[in-house]
Amino acid sequence: MEYRTLADEILRGVGGKDNVNSVVHCATRLRFKLKDTRKADAAGLKENPGVIMVVESGGQFQVVIGNHVGAVYDALVKGSALSDSGDDDTGEKDSLFARAIDVISGIFTPFIGIMAASGILKGFLALALACGWMVPESGTYKVWFAASDAMFYFFPLVIGYTAGKKFGGNPFVTMMIGGAMVHPLMIAAFNAQQPGAQGEHFFGIPLVFINYTSSVIPVILAAWASSWLEKRAMKILPGALRNFITPLICLMVIVPLTFLVIGPVATWASQQLANGYQFVYHVSPMVAGAFMGALWQVCVIFGLHWGLVPLMINNFSVLGHDTMLPLLLPAVMGQVGAVAGVMLRTKDARTKALAGSAISAGIFGITEPAVYGITLPHRRPFIFGCIGGALGAAILGYFQTTAYSFGFPSIFTFTQIIPPAGFNNTVTAAIAGTLIAILFAALATYFFGMKEEAVAPAVSEKAKAEAIQAPRGKTLVASPMSGPCIALDTVKDPTFASGLLGKGVAIVPVSGRVVSPVDGTVVSLFKTHHAIGIESESGAEILIHVGIDTVKLDGKFFTPHVAVDAVVKQGDLLLEFDLQGITDAGYDLTTPVIVTNSDDYLDVIPAGVGQDAREQTPLLTLLR
């Protein structure tokens, strides 16, 4: 898929660049902060084949893309000069909860990947120690431990930077405030503190030294205070002095204020938050597990899971471990199991292909493709996945399974729950609970999760032949070009080959012209002219994509003969292309011809795969 084109379409769908305050991305989503959500075309974006789902939650307009969201984000930022910082004054007053979710996601999203990677590496090191592959005294262990621990040890610097950007301040100033919090001089003063001894003072005011390594809440509050002070100083100071006097004021005021007031108060709040969670959890770990296992994916759908991420990180900072993270593993794997049930049950090739890719992503903790693409549209599989997650997490809660490094729930979580002393029954409970979640969701979905009409019977070869020869009451799509006809799943482009964009065939053209395959209207013409969309009079939406990756030619070798909204008849010339020029440029001319709204039809039957297609002869038969 050409990410620049998709990025442009998404930008138009959110109301254009002028309607965007800021945009960030997580593992699968673009998270927009819009000035006016009414200008966004959510329904139109949902119809885009490159978009899995659109969610409005937590004060954000979230466009779910999938695993390649990073590439789409890069294309979006490069093409529009957008950034992840901006004025949060949207003209609309979000609820306090929505604003809190937006702030949290904005602070943690930029480094969520490296944070998860650090946690996974910690888990691998725990596994290596438990299995006797390494010892803590070895140089190899020390180097890798430093790599895994650096992120968490220097949290105040990292969060200081992202929080400064989110609050609209100078991120380097707020990062230096975080650096002062973990400066060796301050850590040494903390370690040197003696009960009852005379402490240090700042202009006569007693200082309270706290070890802020791995802390979260103190630096966020300090960054907010610095950004607030910076904005007011910038308004007062003359332009010639702002660049160095403003940072000077922030450092001289906020760093002492952090050690005197912000840090101690925030640390106390952090401890109360951790103790409060521990109290609730210990009332009934089994019920807490069932609750989290059932509702985690619901929170993910609406982006509300970001509200729990700081709580987990705070547990690691205050307690040194966390019992919430393991409870989420069955919730994730429950959706994987539900998708497996759908894949085994369905007879639709496109659904099978989508399910296969969703399973692989889900195992590594990315469940949006599974939820939005498979389980949620069928409803019952999503519910069974949540029930499976509740059952599995209840088991983990009963055995009080604990994680010792942060990460997002995935197959790697098993290594992160290995205690420092080695394997115990909590690890066994985690494996058992996760397997129960997967098996329950898969079996329940297979037997009860698919409605009868969703499991369409296979169309026999005889019926297909009759449909092609006797198309009465059916829709015929003619070939837009001449050349050998090949199966779509053989195309050297996974997006087309998987059937994700729809069913169809592919043609290797022998002449440089594309004609209309139906009577209809031109609904899309890529600005690079390499692809064109036609909607037939009967409602079939047909995409003709000339070549693989030919968008990179930027229109060279292509000559359009129609424009968007043009009414065409079957056989009308749509565009011409220089077949030899494209070939010499090193591009594959295989041309997918797909029905992008294949879900509206019982089946899309290709004619003549393995044979030569001729222009305007029957190519596809659409059965309702």
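Fair warning: this is a prediction, and the values are worked out from it, not measured in the lab.
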Chemist: Heavy-atom count check: over 12 atoms from other residues, nucleotides or ligands less than 6.0 Å from N275 CG?
Modeler: yes
Chemist: My understanding is that only one of I114, L157, L121 makes a side-chain contact (heavy atoms from CB on, under 4.5 Å) with M151; could you say which?
Modeler: I114
Chemist: Counting heavy atoms not belonging to L127, are there more than 12 under 6.0 Å from its CG?
Modeler: yes
Chemist: Consider side-chain contact (heavy atoms from CB on, under 4.5 Å). Of L319, D322, I217, which one does N314 pass it with?
Modeler: I217
Chemist: Is any side-chain heavy atom of L11 closer than 4.5 Å to one of V20?
Modeler: yes
Chemist: Can you find a heavy atom in the side chain of L325 that is under 4.5 Å from one in the side chain of P409?
Modeler: yes
Chemist: Restricting to non-hydrogen atoms, name the atom on S215 and the atom on P156 that form the minimum distance, rounded to 0.1 Å.
Modeler: OG-CG, 3.9 Å
Chemist: For I249 and L237, which heavy atoms make the closest approach, and how far apart are they?
Modeler: CD1-CD1, 4.2 Å
Chemist: To the nearest 0.5 Å, what is the distance between CD1 on I254 and CG on L251?
Modeler: 9.5 Å
Chemist: I'd like to know whether N19 forms a side chain to side chain contact (heavy atoms under 4.5 Å, CB included) with V14, so could you lay out the CA-CA distance, the side-chain angles of the two residues, the decisive distance to 0.1 Å, and finally the verdict.
Modeler: CA-CA 7 Å; N19 194 41; V14 299; 5.5 Å; no
Chemist: Quick one: are T323 and P285 in side-chain contact, heavy atoms under 4.5 Å?
Modeler: no
Chemist: Side-chain contact, heavy-atom cut-off 4.5 Å: S270 with V216?
Modeler: no
Chemist: Would you check if the side chain of Y404 reaches a backbone N or O of A126 as a donor-acceptor pair within less than 3.5 Å?
Modeler: no
Chemist: Check whether any side-chain heavy atom of F32 sits under 4.5 Å from a side-chain heavy atom of L76, and report yes or no.
Modeler: yes
Chemist: Is the shortest distance from a Lys or Arg side-chain nitrogen in R12 or D8 to a carboxylate oxygen in the other one below 4.0 Å?
Modeler: no
Chemist: How far apart are the C-alpha atoms of L327 and Y281, what are their side-chain angles, what is the distance that settles it, and do they pass the side chain to side chain contact (heavy atoms under 4.5 Å, CB included) test?
Modeler: CA-CA 11 Å; L327 302 181; Y281 177 79; 4.2 Å; yes
Chemist: So, does K122 use its side chain to make a donor-acceptor pair with the main chain of D149 at under 3.5 Å?
Modeler: no
Chemist: With distance as the sole criterion, is a donor-acceptor pair present between the side chains of E230 and T246 under 3.5 Å?
Modeler: no
Chemist: Please give me the minimum heavy-atom distance between I417 and A430, naming the atom from each residue.
Modeler: CD1-CB, 3.2 Å
Chemist: How about C386 and Q335: do any of their side-chain heavy atoms sit closer than 4.5 Å?
Modeler: yes
Chemist: Are there more than 12 heavy atoms of other residues, nucleotides or ligands under 6.0 Å from atom CZ of F111?
Modeler: yes
Chemist: If you measure from CD1 on I313 to CE on M115, what distance do you get to the nearest 0.5 Å?
Modeler: 4.0 Å
Chemist: Which heavy atom of A147 sits nearest to which heavy atom of S118, and what is that distance?
Modeler: O-OG, 4.4 Å
Chemist: Measuring centre to centre across the rings, with the benzene-like ring taken for any Trp, is F155 within less than 6.0 Å of Y212?
Modeler: no
Chemist: Are any non-hydrogen side-chain atoms of T162 and K165 less than 4.5 angstrom apart?
Modeler: no
Chemist: Could you give the distance from CD1 (I210) to CZ (F190), rounded to the nearest 0.5 Å?
Modeler: 8.0 Å
Chemist: Rounded to the nearest 0.5 Å, what separation is found between the CD1 atom of I262 and the OG atom of S226?
Modeler: 9.0 Å
Chemist: So, using ring pair (Phe, Tyr, Trp, His ring centres under 6.0 Å) as the criterion, who are the partners of F172 when residues are at least two apart?
Modeler: Y161
Chemist: Could you give me the CA-CA distance, side-chain angles and deciding distance for V54 and F61, then say whether side chain to side chain contact (heavy atoms under 4.5 Å, CB included) is met?
Modeler: CA-CA 7 Å; V54 174; F61 189 88; 3.5 Å; yes
Chemist: Would you confirm whether the ring centroid of F406 sits within less than 6.0 angstrom of the ring centroid of F408?
Modeler: yes
Chemist: Is the ring pair F145/Y141 parallel, tilted or perpendicular, if the boundaries are 30 and 60 degrees?
Modeler: parallel
Chemist: Atom CG of N211 and atom CE of M181: how far apart are they, to the nearest 0.5 Å?
Modeler: 10.0 Å
Chemist: Under 3.5 Å, is there a donor-acceptor pair between the side chain of Q416 and the main chain of S405?
Modeler: yes
Chemist: Would you name the heavy atoms of P326 and A403 that are closest together and state the gap between them?
Modeler: CG-N, 3.6 Å
Chemist: Is T375 close to Q297 at the side-chain level, that is, under 4.5 Å between some pair of heavy atoms?
Modeler: no
Chemist: With a cut-off of 6.0 Å (strictly less than), are more than 12 heavy atoms of other residues, nucleotides or ligands near OH of Y398?
Modeler: no
Chemist: Could you state the interatomic distance from CH2 (W268) to CG (L273), rounded to the nearest 0.5 Å?
Modeler: 10.5 Å
Chemist: Measure across G433 and I395 and return the closest heavy-atom pair with its distance rounded to 0.1 Å.
Modeler: CA-CD1, 4.1 Å
Chemist: Can you list the steps and then say if T426 with T402 is a side chain to side chain contact (heavy atoms under 4.5 Å, CB included)?
Modeler: CA-CA 8 Å; T426 64; T402 303; over 6 Å; no
